[in-house]
Amino acid sequence: MKTIIAAALFAALGAGAAFAQADVIKARQEAMKAAGQATAPVGKMLKGEEAFDLAKVRAALAAYQDTAAKAPTLFPDNSKTGGDTAALPAVWEKKAEFEAKFAAWGAESKAAAAAIKDEASFKATFPNVLKNCGGCHETYRAKKS
Amino acid sequence: MKRILFLTLVVAGAVAAWFVSAPRPAYDRAQWQAIEQGGDVERGKTVFYAGGCPSCHMTPGQEDRLKLGGGLELKSPFGSFYAPNISPHPKDGIGEWKVADLANAMISGVSPQGEHYYPAFPYTSYHLVTLADVRDLTAFIRTLQPVEGKARDHDLPFPFNIRRTLGLWKALFMDFSTFAPDPARSAELNRGRYLVEGPGHCVECHSARNALGFIPPGSRFAGGPDPEGRGWVPNITPDASGLAKWSAKDIAELLNTGFTPDYDSVGAGMASVVKNMAQLTADDRAAMAAYLKSLPPRPSPPKPPKAEKPAS
């Protein structure tokens with residue numbers, strides 16, 4: 001009887017862990033996607049394909065701060081593999097550096113939100129914020145198609 | 001009698017293999033002065049970034065792309081390669097190299113000591129680089145900071161640690177042709193083809209290789225597993241499984257900023273490639289994009305099943 005209960009318990013715990021792990025991978029992908037979606041109109045503004053719109057710029061910077069604040073909690077040790085994660089082992093091998101990257105991205109986005117007042121300050125500041133994307137992906141995210 | 005015949009055959013085979021595997025540099029080192037003069041530093045800088053040199057040769061763990069101390073580990077199914085120091089340090093780098101030496105390295109895959117290089121150094125693409133570009137590149141590298149210290153030796157198991165065997169690999173798979181512009185195509189497409197197929201060496205990662213490390217023509221640019229085991233390299237032909245929906249402008253934008261049309265930012269080795277490509281002119285990036293769009297569409301190889309979820 002005890003063994004059956006124990007087995008049931010383990011199965012439940014195991015299933016719970018697996019669910020949580022799949023959830024957290026999905027959650028971090030969604031968080032990154034939100035940042036990307038907020039970037040789309042801003043990227044077009046930078047290329048001159050869309051008119052400058054301060055509200056959208058601010059929205060993007062707010063999305064970055066949100067993702068940067070959430071992200072460090074979305075890479076627990078039990079989520080190194082699974083789902084279609086493209087996170088590289090470096091995330092967990094250099095955890096402190098990885099988390100510092102998010103902190104820097106958040107801080108830079110916050111500073112940019114204060115600094116950007118018009119199109120000129122936008123064009124001078126925003127590209128530097130965008131460098132955080134590639135700067136982190138180079139070390140921590142696999143190639144994917 | 002049979003035994004003698006057999007032995008004769010073995011010896012003949014060994015002699016033939018030895019002959020076939022001999023390193024064959026394109027330029028005679030004794031005549032180095034003939035091709036040495038006239039390199040242009042500014043143009044060399046373009047060749048340097050188009051060739052992606054810093055991605056492998058820059059000293060790891062720092063940001064200066066012009067500090068070429070080497071030492072980066074490149075994992076492969078054959079073992080680990082370590083990129084050498086190509087800074088102009090006279091002893092530890094390539095400071096004493098002539099244009100002829102760099103030409104032989106890039107175009108023939110042969111070192112100044114007359115040994116084969118491993119094709120981890122992509123002479124399988126660099127052989128298309130023109131001598132004029134090699135000369136400019138040499139001039140540019142000579143202006144950089146000399147970095148002390150040699151990189152460690154490659155870590156390869158037998159028989160891959162025998163460089164001479166690469167001669168047989170080259171005899172089987174290496175194309176030593178030089179670049180010839182196609183008069184039927186525009187100047188832009190020819191420039192793009194040169195940059196993509198030659199210095200850019202895009203095919204080296206964006207293709208699946210066979211067990212011997214060769215890229216069959218049908219899989220060129222069609223993507224495949226990352227040779228370093230860091231994910232899946234995308235198909236960059238205009239196939240539905242590749243860049244069919246991307247405009248040439250989208251591709252040029254990715255090369256400049258690292259952003260896909262969905263504003264995802266490319267990861268791993270491609271992030272480093274983008275830092276190199278961003279140093280080229282917009283025209284050069286547009287030419288590369290135009291050439292990629294002109295490739296025949298090729299389907300991606302089948303992907304392995306997704307990473308398994310841990311047993312629950």
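From a predicted model like this one, the values you see are computed outputs, not experimental measurements. Every chain is numbered from 1, with letters handed out A, B, ... down the list of sequences.
In this structure, B/Glu197 pairs ionically with B/Arg220, as a charged nitrogen and a carboxylate oxygen lie closer than 4.0 Å.
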List the steps, then state whether ring pair (Phe, Tyr, Trp, His ring centres under 6.0 Å) holds for B/Tyr126 with B/Phe121.
CA-CA 9 Å; B/Tyr126 287 167; B/Phe121 173 52; 5.6 Å; yes
Show, in sequence, the C-alpha distance, side-chain angles and deciding distance for A/Phe75 and A/Phe98, and conclude whether the ring pair (Phe, Tyr, Trp, His ring centres under 6.0 Å) test is met.
CA-CA 10 Å; A/Phe75 294 85; A/Phe98 177 65; 4.9 Å; yes
Under the side chain to side chain contact (heavy atoms under 4.5 Å, CB included) rule, what do B/Leu243 and B/Asn235 come out as? Steps first, then yes or no, please.
CA-CA 7 Å; B/Leu243 300 183; B/Asn235 181 338; over 6 Å; no
Determine, step by step, whether B/Leu295 and B/Val196 satisfy the side chain to side chain contact (heavy atoms under 4.5 Å, CB included) criterion, reporting the C-alpha distance in whole Å, the side-chain angles of both residues, the deciding distance to 0.1 Å, and the verdict.
CA-CA 11 Å; B/Leu295 288 172; B/Val196 166; 5.9 Å; no
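Rounded to the nearest 0.5 angstrom, A/Met32 CE and B/Ser265 OG are separated by 10.5 Å. For the atom pair NZ (B/Lys249) and CZ (B/Arg285), the distance works out to 13.5 Å, reported to the nearest 0.5 Å. B/Leu137 contributes atom CG, which lies 7.5 Å from atom CD1 of B/Ile86 (distance to the nearest 0.5 angstrom). Considering CZ of A/Phe102 and OH of A/Tyr64, their distance stands at 13.5 Å, rounded to 0.5 Å. B/Ile236 contributes atom CD1, which lies 10.5 Å from atom CH2 of B/Trp246 (distance to the nearest 0.5 angstrom).
Side chains of B/Ser241 and B/Asp239: a donor-acceptor N/O pair is present below 3.5 angstrom, by distance only. A side-chain N or O of A/Arg28 and one of A/Thr85 form a donor-acceptor pair less than 3.5 Å apart. Under the 3.5 Å distance criterion, with hydrogens and angles disregarded, a donor-acceptor pair is assigned to the side chains of B/Ser80 and B/Glu73.
Side chains of B/Ile215 and B/Phe173 form no contact here, defined as non-hydrogen atoms less than 4.5 Å apart.
Taking the six-membered ring wherever Trp is involved, the centroid distance between the rings of B/His154 and B/Phe81 falls below 6.0 Å.
No more than 12 heavy-atom neighbours from other residues, nucleotides or ligands sit within 6.0 angstrom of NZ on B/Lys75.
Within residues 122-137 of chain A, the residues having any heavy atom less than 4.5 Å from a heavy atom of chain B are, in residue-number order, A/Leu130, A/Cys133, A/Gly134, A/His137. Chain B is approached within less than 4.5 Å, heavy atom to heavy atom, by A/Gly36, A/Thr39, A/Ala40, A/Gly43, A/Lys44, A/Lys47, A/Glu49 from residues 34-51 of chain A, ordered by number. Scanning residues 48-69 of chain B against chain A with a 4.5 Å non-hydrogen threshold yields no residues. Contacts between residues 267-284 of chain B and chain A, counted as heavy-atom pairs separated by less than 4.5 Å, involve B/Gly267, B/Ala268, B/Gly269, B/Met270, B/Ala271, B/Ser272, B/Lys275.
Between B/Pro216 and B/Asn210, the closest heavy-atom pair is CD-N, 4.4 Å.
Within the 4.5 angstrom heavy-atom criterion, only side-chain atoms of B/Asp264, from C-beta onward, approach chain A.
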